[in-house]
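Below is one structure, written out as structure tokens; comments come after it.
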Amino acid sequence: MTPFTAKVIAVIQAIPEGRVMTYGGVARAAGSPRAARQVVRILHSMSQKHKLPWHRVINAKGRVALEDESGSVQKLYLLGEGITFEADGSVNLELFQFMPEPEQEPEDYFLPPLE
DNA sequence: AAGGTGACTGTCA
DNA sequence: CTGACAGCCACCT
């Protein structure tokens, strides 16, 4: 496991319940702004073993991945955490995106007030 | 070592 | 608004 991978995993595990992050957002928080696709790869291969809240990671358009398949379990998870979806099936990133400052370490992330 | 790949993203029409 | 395109980066073969 590379440092980058470890960082990404730490970031994802730090996403609080009821909030989401974009792939690019995770990449930025991990210190590699353009590595969104690598984040994808990590989720794809590590989500099982590391108990990652992968369902809290969505794309920049606010849509969940694989939403066409099997009714998208991901949406159900998110709904269960209080996240709401727009009429077009996307989540309001302005409202639910969790975007820590780049300087912060995952342990220092805090839960922004949700209003 | 070179080339392929992906649960992505920003830009432009 | 939607869709096509071309970068993108770290990892895998």
Side-chain angles (χ1 to χ4, degrees):
Chain A
M1 154 129 21
T2 69
F4 175 78
T5 300
K7 193 71 185 294
V8 168
I9 290 176
V11 169
I12 294 175
Q13 289 178 327
I15 304 174
E17 192 177 307
R19 309 306 296 276
V20 297
M21 271 185 93
T22 66
Y23 300 95
V26 173
R28 274 197 295 284
S32 193
R34 303 281 128 66
R37 311 197 66 167
Q38 185 55 27
V39 173
V40 168
R41 178 180 284 283
I42 292 171
L43 255 53
H44 192 246
S45 60
M46 312 289 274
S47 59
Q48 310 275 326
K49 323 179 195 306
H50 288 266
K51 303 187 184 114
L52 298 179
W54 60 271
H55 55 276
R56 303 197 185 120
V57 184
I58 62 182
N59 66 31
K61 294 186 176 62
R63 311 300 254 8
V64 301
L66 310 174
E67 57 183 324
D68 296 330
E69 319 229 345
S70 64
S72 183
V73 218
Q74 185 169 12
K75 274 189 179 177
L76 297 180
Y77 278 123
L78 296 178
L79 285 170
E81 297 186 352
I83 291 176
T84 60
F85 288 79
E86 301 299 307
D88 66 351
S90 67
V91 315
N92 187 328
L93 289 178
E94 304 274 323
L95 207 55
F96 296 108
Q97 183 171 204
F98 178 60
M99 178 47 63
E101 295 303 312
E103 292 72 28
Q104 292 180 295
E105 290 302 311
E107 312 82 62
D108 300 325
Y109 294 170
F110 67 101
L111 181 67
L114 179 61
E115 290 308 324

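Order of the sequence lines sets the chain letters (A, B, ...), proteins ahead of strands, with each chain counted from 1.
Within 6.0 Å of OH on Tyr77(A) lie no more than 12 heavy atoms contributed by other residues, nucleotides or ligands. Other residues, nucleotides and ligands place more than 12 heavy atoms under 6.0 Å from the CD atom of Glu86(A).
Note: NZ (Lys61(A)) to C1' (dT11(B)) measures 11 Å, nearest angstrom. The separation between Met1(A) atom CE and dC11(C) atom C1' is 13 Å, rounded to whole Å. We find that CZ of Phe4(A) is positioned 10 Å from C1' of dC11(C), with the value rounded to whole Å. Distance CE (Met21(A)) to P (dT9(B)): 11 Å, rounded to an integer number of Å. Distance Leu43(A) CG to dG6(B) P: 15 Å, rounded to the nearest Å. Put simply, CD1 on Ile58(A) is 22 Å from P on dG6(B), counting in whole angstrom units. Atom CG of Leu78(A) and atom P of dA7(B) are 18 Å apart (whole Å). Atom C1' of nucleotide dG7(C) and atom CD of Gln38(A) are separated by 16 Å, given to the nearest angstrom.
Distances shorter than 4.0 Å separate some side-chain N or O of His44(A) from OP1 or OP2 on dA7(B). For Thr5(A) and dA10(C), the shortest distance from a side-chain N or O to OP1 or OP2 is not below 4.0 Å. Within the structure, every side-chain polar atom (N or O) of Ser45(A) is placed at least 4.0 Å from both OP1 and OP2 of dC11(C).
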Could you give me the CA-CA distance, side-chain angles and deciding distance for Arg56(A) and Glu81(A), then say whether salt bridge (Lys or Arg N to Asp or Glu O under 4.0 Å) is met? CA-CA 10 Å; Arg56(A) 303 197 185 120; Glu81(A) 297 186 352; 2.8 Å; yes
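Of the candidates dA7(B), dC12(C), dC9(C), dC12(C) carries the atom nearest the Arg41(A) side chain, counting heavy atoms from C-beta on. The listed nucleotides are dC8(B), dA7(B), dC11(C); the one nearest the side chain of Trp54(A) is dA7(B).
Counting non-hydrogen atoms under 4.0 angstrom, Tyr23(A) reaches a base of the nucleic acid. Arg34(A) comes within 4.0 angstrom of the backbone, heavy atoms only, and of no base.
Side-chain atoms of Arg37(A) and base atoms of dT5(B) include no donor and acceptor less than 3.5 Å apart.
Here CD1 of Ile42(A) is found 7.0 Å from CD1 of Ile12(A). Values are rounded to the nearest 0.5 Å.
A heavy-atom distance below 4.5 Å is found between the side chains of Gln74(A) and Ile58(A).
Judged by Watson-Crick or G-U wobble contacts below 3.5 Å, the nucleotide dA13(B) has dT2(C) as its partner.
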